[in-house]
Amino acid sequence: MRYVAIVASLAGTLAFGLLISYGLVFVALFALCATASAIGVWDLLQTSHSLRRNYPILAHIRFGLEKIRPEIRQYFLESETDGTPFNRSKRAVAYQRAKGALDKRPFGTHQNIYGDNFEWINHSINPFPAGGHDFRITVGDAECRQPYALSLFNISAMSFGALSANAIRSLNKGARLGAFAHDTGEGSISQYHREHGGDLIWEIGSGYFGCRNDDGTFCDQRFAAQATSPQVKMIEIKLSQGAKPGHGGVLPGAKVTPEIAEARGVPLGIDCISPARHSAFATPLELMRFIVRLRELSDGKPVGFKLCVGHPWEFMAICKAMLESGIRPDFIVIDGSEGGTGAAPLEFVDHVGTPLREGLVLAHNCLVGAGLRDAIRLGASGRIITGFDLARLLALGADWCNAARGFMFALGCVQAQSCHTDRCPTGVATQNQWRQRALVVDDKAGRVHQFHQSTLAALADLVGAAGLTHPSELMPMHILKRISPSEVKSFAEVYTFLERGELIAGTRVAPYAQQWAMADAQRFAPVPPIRTAA
């Protein structure tokens, strides 16, 4: 059906070409079909638009409708968690920046600046000119023999299998061009991750794909064989992901192709299971020892973990395990519940897990309150696309940010929401060879690189406008939020922030005091509160 228009136009060209001598009507019909055929052939041959390659001629109907669609609020399909327009506005920004197009807007803001939850960054009377945008942080302390200079903006976890081979190739080549990191997702390192040599963050999920024994348990030898590759820069243990925290997954055997089986180290054609919990550790202290184990096996590379924050006392139990064992992860990534995925249960997508900003503030406070923050880098992931998205999270305590959705937009994703059907119209989220051929690696890799550079350049402009010289200087007081039509507060007033060592000294801030008392380094379950007789 994707090619019905071009087939019809070619057939019409042939048929009406034979009838030209019968009058001007057939001449006109021949000219119309010949023009449509030429457009269709050009659509198939060009390399810049995946939709046109997959839907020759038909894609132009979509583009035509986009030219005349209603603007402003009717233009947006859904809203961000804070109530501001999100999907199409930010998707348009990502497209423009990925293509290197002008991303300016006439006639002022489309935002409702007097609506509740509107947010902005205040500028300085004495702004600084942007002096470059290659912002980096070093991940890995004295315990690391191979610390890594990480960009402040990187590709978040998306597995091969969820994404097509050409999408993985494009992302990784773009990461190499921009010298930033590409998270593999829990589907492990495929041949397509290795093809262009971009820096990798290897995510280890509960299925231990790429480093598992035949029974699904963790395998030291298989892990070390891949982790010591120069291309792998960091190791990330996935405890949970924002889109479906606390939920495992199954890739049906019919979808376990030879390529996926090779990358994950699983049997061909057999259901591939990701358990809801890890088998390599069951307590916070065991998690710390597993981190040491991975650091040694990887020859001293930075090792950390990613999670969507759930029960606060569980994260605090991990902090207590750090204090008790003396072991520190090199980094922690907080994934927000607003993060996306190819498919997840409706209830989990909408109602399970802590949103990114609340989870980030809690993690930052726990590390500060336990006196651990200086030793651990903190990343953030979840609906991050623009320079302001980066600035807002850096002000709340993040050291760097990861994005999936924005880089998918750079690949050409149009949010058709058919990721789970294997019929992605742009070749991003499909294993269908004919569909993914529409995604041309060299073209899309350049767009991935351009999107990364343009977004960091926008961040540099914001930082300079605020009178700062580096994103690390952003503080909660720099970001403002409208609470009501007549009340505005800075993030420093909206959120509670603990002092260094406050949890150890005995904080009185509720609910941190109660939850800290419930945390136990020996287990994730809470310590029952002490009940006193009436």
Side-chain angles (χ1 to χ4, degrees), residues 39 42-56 58-69 71 75-77 85-106 110 130 133-134 151 153-156 158 163-164 166-180 182 196 198 383-390 403-416 424-429 435-462:
I39 293 172
W42 173 241
D43 286 342
L44 290 172
L45 296 177
Q46 58 82 38
T47 60
S48 298
H49 295 275
S50 301
L51 276 177
R52 286 171 57 194
R53 284 171 66 84
N54 262 337
Y55 296 86
L58 293 176
H60 293 277
I61 299 174
R62 174 191 172 92
F63 299 146
L65 291 174
E66 286 181 347
K67 297 289 186 182
I68 61 172
R69 64 192 166 197
E71 292 296 336
Y75 171 69
F76 305 113
L77 287 181
F86 175 73
N87 258 5
R88 287 197 173 183
S89 59
K90 290 192 176 181
R91 191 174 77 199
V93 169
Y95 287 163
Q96 290 169 331
R97 289 179 174 169
K99 296 176 182 179
L102 193 67
D103 62 346
K104 302 297 186 285
R105 176 183 290 169
H110 289 174
H133 57 265
D134 186 21
S151 171
F153 191 42
N154 303 282
I155 301 171
S156 193
M158 293 181 284
L163 297 192
S164 69
N166 280 357
I168 294 294
R169 288 182 174 115
S170 301
L171 290 171
N172 195 255
K173 185 175 182 179
R176 182 180 61 80
L177 293 172
F180 56 100
H182 177 194
H196 295 288
R383 278 199 181 182
I384 300 167
I385 295 179
T386 69
F388 180 71
D389 294 338
L390 294 171
R405 194 176 314 226
F407 284 104
M408 287 182 69
F409 290 161
L411 291 176
C413 169
V414 294
Q415 289 186 298
C424 172
T426 56
V428 174
R435 286 180 176 271
Q436 66 173 292
R437 67 167 287 281
L439 198 160
V440 179
V441 173
D442 288 341
D443 177 70
K444 295 303 187 287
R447 294 188 181 187
V448 167
H449 175 215
Q450 181 65 44
F451 172 65
H452 174 265
Q453 295 296 302
S454 298
T455 303
L456 283 180
L459 173 64
D461 285 342
L462 287 176

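Computed from a predicted structure; not experimentally measured.
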Under the side chain to side chain donor-acceptor pair (under 3.5 Å) test, residues paired with Gln453 that sit two or more places apart: His133
Straight-line distance of His449 NE2 to Leu177 CG, nearest 0.5 Å: 6.0 Å
Closest contact, heavy atoms only, Ser170 versus Leu411: CB-CD2, 3.5 Å
Check: Ala410 main-chain N/O paired with Lys99 side-chain donor or acceptor under 3.5 Å: no
Counterpart residues, side chain to side chain donor-acceptor pair (under 3.5 Å), relative to Asp461 (two or more places apart): none
Exam field: side chain Asn54 to backbone Pro425, donor-acceptor pair closer than 3.5 Å: yes
Separation between CG of Leu390 and CD1 of Ile385, rounded to the nearest 0.5 Å: 10.5 Å
Spacing of Gln46 atom CD and Asp443 atom CG [to the nearest 0.5 Å]: 8.5 Å
Donor-acceptor pair, side chain of Arg97 and main chain of Thr455, under 3.5 angstrom: no
Side-chain donor/acceptor of Arg53 to backbone N/O of Ala438, under 3.5 Å: yes
By side chain to side chain donor-acceptor pair (under 3.5 Å) - contacts of Gln450 (at least two apart): Ser454
Full working for side-chain contact (heavy atoms from CB on, under 4.5 Å) between Ser48 and Arg447: CA-CA 10 Å; Ser48 298; Arg447 294 188 181 187; 3.7 Å; yes
Polar side chain donor-acceptor pair, Asn172 to His196, under 3.5 angstrom: no
Polar side-chain atom of Arg383 near backbone of Ala403 as donor-acceptor pair, under 3.5 Å: no
Gap between atom CG of Leu44 and atom OH of Tyr55 - 0.5 Å precision: 13.0 Å
Atom pair CG (Leu163) and CG (Leu171), whose distance is rounded to the nearest 0.5 Å: 6.5 Å
Shortest non-hydrogen contact between Gly178 and His452, atoms and distance: O-CE1, 4.2 Å
Residue pair Thr426 / His49, side-chain donor-acceptor N/O under 3.5 Å: no
Validation row: Lys444, Arg169 side chains within 4.5 angstrom (heavy atoms): no
Spacing of Ile168 atom CD1 and Gln436 atom CD [to the nearest 0.5 Å]: 10.5 Å
Check: Asn154 main-chain N/O paired with Ser151 side-chain donor or acceptor under 3.5 Å: no
Arg405 vs Gln415 side-chain heavy atoms within contact, under 4.5 Å: yes
Note, His60 side chain near Asp43 side chain (heavy atom, < 4.5 Å): yes
Phe180/Phe153 aromatic ring centres below 6.0 Å: no
